[in-house]
Q: 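Before we start, here is the structure in question, set down as structure tokens.
Everything numeric here is computed off the predicted structure, so don't read it as measured data.
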Amino acid sequence: MAQTTEQDFFGGAIRGVVPQRWMDASNLREIPDHQELFLSPETLSNLIIEINQRVPQEDALSTFTTLSHQNPTLASGGDSTTASREILDQAAALYHLHDLCDEGDSLEVITPPQKVDVPRLTATAPAGTSISAYKGMVRFQNAPKQRGQGPATNGVSAGTKIDGAESGSKMTQLTCHYLLVRLEAQETDLLVFFNVPHEEFEKAGDAQGLSREEALAEETVTAMVGGFEIKDWGLFV
């Protein structure tokens with residue numbers, strides 16, 4: 001049985017899916033204009049849809065230095081003059097994810113960026129629009145943060161900046177299932193993050209619950225690949 005339902009984002013300019021019964025966080029608090037945030041009613045997991053400026057080639061390739069040892073495909077990518085389009089896109093995906101880390105945090109690539117088709121998006125795109133999309137999964141290890149020291153991914157999301165945990169807290173884990181859609185002419189990177197904090201499941205000794213949550217994350221991102229659609233391309237003008 002499908003666990004997702006179709007949902008409009010950004011005033012109906014974009015359409016995709018969210019898990020059933022999840023809450024729109026904008027009804028609870030202010031959310032940045034470039035984000036949509038949905039919260040699980042039962043766990044600390046969350047779903048973020050985010051509009052970002054397209055990562056330049058040189059910035060994307062800077063990820064080779066820090067992450068190429070985790071991804072052999074990237075390691076053989078070359079520089080900005082020799083790297084293929086797909087290598088540059090994969091590097092851009094990891095650049096966005098690595099950009100979420102604070103000092104002391106770490107990122108582990110679980111599933112490298114894999115190219116996917118986004119059929120609804122390509123079917124309705126203006127003529128000549130260049131679209132590429134990638135999905136994958138990473139794990140964040142978040143260092144303890146002092147209150148007010150800066151952003152952290154362990155509290156709410158890998159994409160929403162918040163205050164961290166109290167001093168003395170242990171490292172926490174969070175898995176992030178993601179989708180990157182690159183729109184070249186619009187100079188835009190669209191990102192979907194489904195974040196699963198592990199701490200609540202580990203404290204409860206609920207390995208099955210964590211497994212179910214990871215399965216929901218994978219199903220949601222896969223459904224987003226098939227259902228992602230831009231209804232109003234004027235959003236990027």
Side-chain angles (χ1 to χ4, degrees), residues 2-20 22 24 26 31-38 46-61 63 73-74 77 80-81 83-97 99-100 111-138 158-159 176-195 217-237:
Q3 300 182 77
T4 60
T5 184
E6 291 193 347
Q7 174 71 40
D8 287 336
F9 309 117
F10 303 104
I14 295 176
R15 190 163 180 81
V17 304
V18 299
Q20 293 179 1
W22 277 36
D24 185 343
S26 66
I31 304 298
D33 290 341
H34 74 292
Q35 287 184 346
E36 295 272 13
L37 172 62
F38 291 82
N46 58 83
L47 177 71
I48 298 172
I49 298 86
E50 193 168 278
I51 301 174
N52 283 300
Q53 184 175 358
R54 184 180 172 89
V55 175
Q57 290 185 4
E58 291 299 332
D59 289 345
L61 287 167
T63 57
T73 303
L74 289 180
S80 60
T81 61
S84 69
R85 169 69 176 272
E86 186 165 346
I87 292 297
L88 291 170
D89 288 344
Q90 289 175 324
L94 296 180
Y95 176 91
H96 281 294
L97 292 157
D99 191 49
L100 301 174
T111 305
Q114 299 174 339
K115 192 170 185 178
V116 293
D117 293 325
V118 279
R120 284 194 183 181
L121 185 55
T122 54
T124 58
T129 301
S130 175
I131 301 171
S132 55
Y134 298 80
K135 67 186 289 282
M137 175 177 153
V138 298
C176 176
H177 301 246
Y178 66 87
L179 170 68
L180 167 66
V181 177
R182 311 203 78 198
L183 307 175
E184 184 173 5
Q186 290 74 25
E187 298 184 353
T188 297
D189 283 343
L190 300 174
L191 288 150
V192 176
F193 301 113
F194 191 122
N195 303 298
E218 177 63 24
E219 178 182 334
T220 301
V221 173
T222 298
M224 189 72 85
V225 170
F228 203 73
E229 184 178 1
I230 295 175
K231 308 291 285 187
D232 181 8
W233 287 85
L235 178 67
F236 309 107
V237 174

Q: Output all residues satisfying salt bridge (charged side-chain N to carboxylate O under 4.0 Å, His left out) with Glu218, sequence neighbours left out; order by chain, then residue number.
A: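 Glu218 satisfies salt bridge (charged side-chain N to carboxylate O under 4.0 Å, His left out) with Lys135 only.
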Q: Sub-3.5 Å donor-acceptor pair from the side chain of Glu229 to the main-chain atoms of Thr124, do we have one?
A: no
Q: For Asp99 and His96, what are the C-alpha separation, side-chain angles and deciding distance, and is it a side-chain contact (heavy atoms from CB on, under 4.5 Å)?
A: CA-CA 5 Å; Asp99 191 49; His96 281 294; 5.7 Å; no
Q: Using a 3.5 Å distance criterion without hydrogens, assess whether the side chain of Asp24 forms a donor-acceptor pair with backbone atoms of Ser26.
A: yes
Q: Does a side-chain heavy-atom distance below 4.5 Å link Asp89 with Pro113?
A: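 Side-chain contact under 4.5 Å: no.
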Q: Report the C-alpha distance between Thr129 and Gln186 in whole Å, list the side-chain angles of each, state the deciding distance to 0.1 Å, and finish with yes or no for side-chain contact (heavy atoms from CB on, under 4.5 Å).
A: CA-CA 9 Å; Thr129 301; Gln186 290 74 25; 4.0 Å; yes
Q: Please report the shortest heavy-atom distance between Trp22 and Leu47, naming the atom on each side.
A: CZ3-N, 3.6 Å
Q: Please examine the side chains of Leu180 and Tyr95, heavy atoms only from C-beta on, and report whether any two atoms are closer than 4.5 Å.
A: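 Not in contact.
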Q: How many angstroms lie between atom CG of Asp232 and atom CG of Asp8, to the nearest 0.5 angstrom?
A: 11.5 Å
Q: Any side-chain heavy atom of Val18 within less than 4.5 Å of one from Thr220?
A: no
Q: Do Pro56 and Glu58 come within less than 4.5 Å of each other through their side chains, counting heavy atoms only?
A: no
Q: For the CZ atom of Arg120 and the CE atom of Met224, what is their distance to the nearest 0.5 Å?
A: 11.5 Å
Q: Go through it in stages, so that I can follow the logic: the residues are Phe193 and Leu97, the test is side-chain contact (heavy atoms from CB on, under 4.5 Å), and I'd like the CA-CA distance, side-chain angles, deciding distance and then a yes or no.
A: CA-CA 9 Å; Phe193 301 113; Leu97 292 157; 3.7 Å; yes
Q: May I ask you to decide if Ile49's main-chain N or O and Glu36's side chain share a donor-acceptor pair within less than 3.5 Å?
A: no
Q: Ring centroids only, cut at 6.0 angstrom: are Phe228 and Phe9 within range, meaning strictly under it?
A: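 Here the rings of Phe9 and Phe228 have centres that are no less than 6.0 Å from each other.
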Q: For the CG atom on Asp59, are there more than 12 heavy atoms of other groups (residues, nucleotides or ligands in this structure) within a distance under 6.0 Å?
A: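 Buried by this count: over 12 neighbours within 6.0 Å.
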Q: Should Ile230 and Leu183 be marked as a side-chain contact (heavy atoms from CB on, under 4.5 Å) after you check the CA-CA gap, both sets of side-chain angles, and the distance that decides it?
A: CA-CA 11 Å; Ile230 295 175; Leu183 307 175; 3.8 Å; yes
Q: Within this structure, what is the NE2-CD1 distance for the pair His34 and Ile48, rounded to the nearest 0.5 Å?
A: 9.0 Å
Q: Consider only side-chain N and O atoms of Glu50 and Gln35, and report whether a donor and an acceptor are under 3.5 Å apart.
A: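 A pair is found: one side chain offers a donor N or O, the other an acceptor, under 3.5 Å apart.
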Q: Can you find a heavy atom in the side chain of Ile51 that is under 4.5 Å from one in the side chain of Leu190?
A: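 When only atoms from C-beta onward are counted, Leu190 and Ile51 do touch, with a gap below 4.5 Å.
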Q: Do any pairs count as a salt bridge (Lys or Arg N to Asp or Glu O under 4.0 Å) and have a residue in residues 185-195, sequence neighbours left out, and if so which ones?
A: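 Qualifying pairs, neighbours excluded: Arg182-Asp189.
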Q: If I compare all heavy atoms of Ala92 with all of Val55, which pair ends up nearest, and what's the gap?
A: CB-CB, 4.3 Å
Q: Just how far is it from atom CE of Met137 to atom OH of Tyr178, taken to the nearest 0.5 Å?
A: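 Those atoms lie 10.5 Å apart.
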Q: Once rounded to the nearest 0.5 Å, what's the spacing between atom CD of Gln7 and atom CD of Gln20?
A: 12.0 Å
Q: On a heavy-atom basis, which atom in Asn195 and which in Cys176 lie closest, and how many Å separate them?
A: OD1-SG, 3.4 Å
Q: Taking the six-membered ring for Trp, are Phe194 and His177 parallel (under 30°), tilted (30 to 60°) or perpendicular (over 60°)?
A: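 It falls in the perpendicular class, over 60°.
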Q: I'd like to know if Lys231 pairs up with Glu6 as an ion pair, taking the criterion as any Lys NZ or Arg NE/NH1/NH2 lying under 4.0 Å from an Asp or Glu carboxylate oxygen.
A: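 Salt bridge between Lys231 and Glu6, a charged N being under 4.0 Å from a carboxylate O: no.
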